[in-house]
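Position 1 is the first residue of the sequence, and the numbers go up from there. Indexing begins at 1, ligand by ligand and atom by atom, following the structure's order.
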Amino acid sequence: MQYQSYSLKNINKIENLKKLPIDIKESIQTVGSVLPFKSNNYVVEELIDWDNFEDDPIFTLTFPRKEMLDPIDYIRVKSCFGQNELRNLVTDIRTKLNPNPADQIEKNIPMLNGEIINGIQHKYSETMLVFPSKGQQCHAFCTFCFRWSQFSGVKEEKFALKNSEHMVAYLREHPEITDVLITGGDPMIMRASSLRVFIDAILESGIKTVKTIRIGTKTLTFWPYRYLTDSDSSEILDLFKRVTDAGYHLSIMAHICHKNEMKTDAFKDAVKAIRNTGAIIRTQSPVMKHINDYSENWSEMWKEQVRLGMIPYYMFIARNTGSHRYFSIPLLRAYEIFKNAYMKVSGVARTVRGPSMSASPGKIVIDGIIDIGNEKAISLSFIQGRNSEWVKQPFLAQYDEKAVWFDELKPAFDESKFFFQR
Ligand SMILES: *Cc1c(COP(=O)(O)O)cnc(C)c1O
């Protein structure tokens with residue numbers, strides 16, 4: 001399949017959209033001017049069920065919908081169309097939507113020789129995140145994506161690493177880093193020749209402390225032809241093979257939200273092609289209202305992923321950014337979905353962890369609800385912490401059926417602070 005990209009500029013080329021009611025098209029234009037929109041011919045033609053588009057999870061993942069904006073903001077944007085004020089209004093609304101959650105700008109950016117390195121995040125001691133500047137796009141933008149500030153042109157809020165020298169210099173100074181996670185955007189939007197620059201820099205650096213290279217990507221389900229028929233597909237696969245031949249663990253972190261993303265032959269062929277290079281594929285996704293907030297989706301996905309040789313890794317809670325109002329579900333509902341799905345899979349799929357919140361102090365997982373005498377509490381723990389001492393220390397929050405994010409939870413038993421805040 002030949003790649004065809006769609007954005008607001010050429011959205012009229014999407015034949016299937018033409019048949020949709022006018023108000024749907026209007027809301028795509030309106031919301032799409034605040035939250036970035038992009039799609040491609042594979043997603044549109046192979047994944048979306050256009051006969052049931054209103055309830056179709058892939059349609060909702062791809063096309064902005066009216067309800068994603070605050071109703072008042074929606075009307076303001078719509079009435080500003082074609083006018084000079086639109087720009088400022090859009091900037092205002094985007095700023096309100098918490099473009100960089102979990103203090104990632106203030107707290108995760110590392111220094112090298114007294115200077116900030118833009119394009120690297122180092123939050124957990126073993127793992128460094130790298131954001132190559134050419135990888136700050138995607139083959140399609142998921143409407144829930146917490147990376148939207150990377151795409152919406154707010155320069156000072158964008159992570160982008162131009163060359164690999166700073167990355168290598170930082171790795172030399174930080175031997176505790178075992179994992180380099182190349183992320184974005186989506187690094188697999190890059191040409192093989194650009195991706196290779198970052199990977200070769202690690203392979204040729206002689207740094208022995210790095211053992212694992214991870215690549216976070218949505219391509220496996222949203223553009224599987226990246227590994228099949230693109231002009232540099234074989235270069236990509238050769239590069240993967242070179243990494244594993246050199247003795248590194250290469251893990252492709254595939255973002256898969258819904259089981260419908262896994263039904264095509266192209267997807268299955270891409271999985272095979274990647275596995276043949278010696279790379280391992282791990283899977284992750286947030287749980288979101290209107291898309292995947294039911295347990296069968298997860299148990300079916302995890303089982304099929306294991307069957308195809310992938311390792312279920314994380315179920316996340318949708319981040320408190322962008323259209324959180326549209327996607328969020330109560331934390332306890334997320335827990336229930338996770339538990340009901342986990343119950344239905346055998347041990348080989350129970351490698352998955354969650355539901356997990358990537359909050360400012362760390363990855364906090366909801367472990368369950370406990371009853372102590374006549375009081376109920378939510379049991380939580382860190383699976384990754386800004387301070388690694390916090391990991392695996394259980395702690396309790398007041399029972400709360402409504403809370404949708406960590407900052408809404410309060411410590412149990414009238415404590416004023418959680419243990420890691422003291
Ligand atoms: C999730 C995450 C990682 C990776 O954590 P692992 O426990 O190694 O999977 C690294 N950095 C940040 C900022 C993260 O949110």
Residues in the immediate environment of ligand 1 (any heavy atom closer than 4.0 angstrom)
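For ligand 1, the residues that come within the 4.0 Å heavy-atom cutoff are Lys123, Tyr124, Thr127, Leu129, Arg214, Tyr313, Tyr314, Lys363, Gln384.
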
Any idea how [X] and [Y] line up, ring-wise: parallel (<30°), tilted (30 to 60°), or perpendicular (>60°)?
| X | Y | result |
| --- | --- | --- |
| Phe406 | Phe420 | tilted |
| Phe382 | Trp390 | tilted |
| His290 | Tyr326 | parallel |

Working for side chain to side chain donor-acceptor pair (under 3.5 Å), residues Arg65 and Ser27:
CA-CA 6 Å; Arg65 301 178 81 128; Ser27 56; over 6 Å; no

Are the ring centres of Tyr42 and Tyr225 closer than 6.0 Å?
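Yes, they do, as the ring centres are separated by less than 6.0 Å.
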
Take Thr219 and Tyr227 through the test side chain to side chain donor-acceptor pair (under 3.5 Å) and record every step on the way to the result.
CA-CA 9 Å; Thr219 45; Tyr227 310 95; 2.7 Å; yes

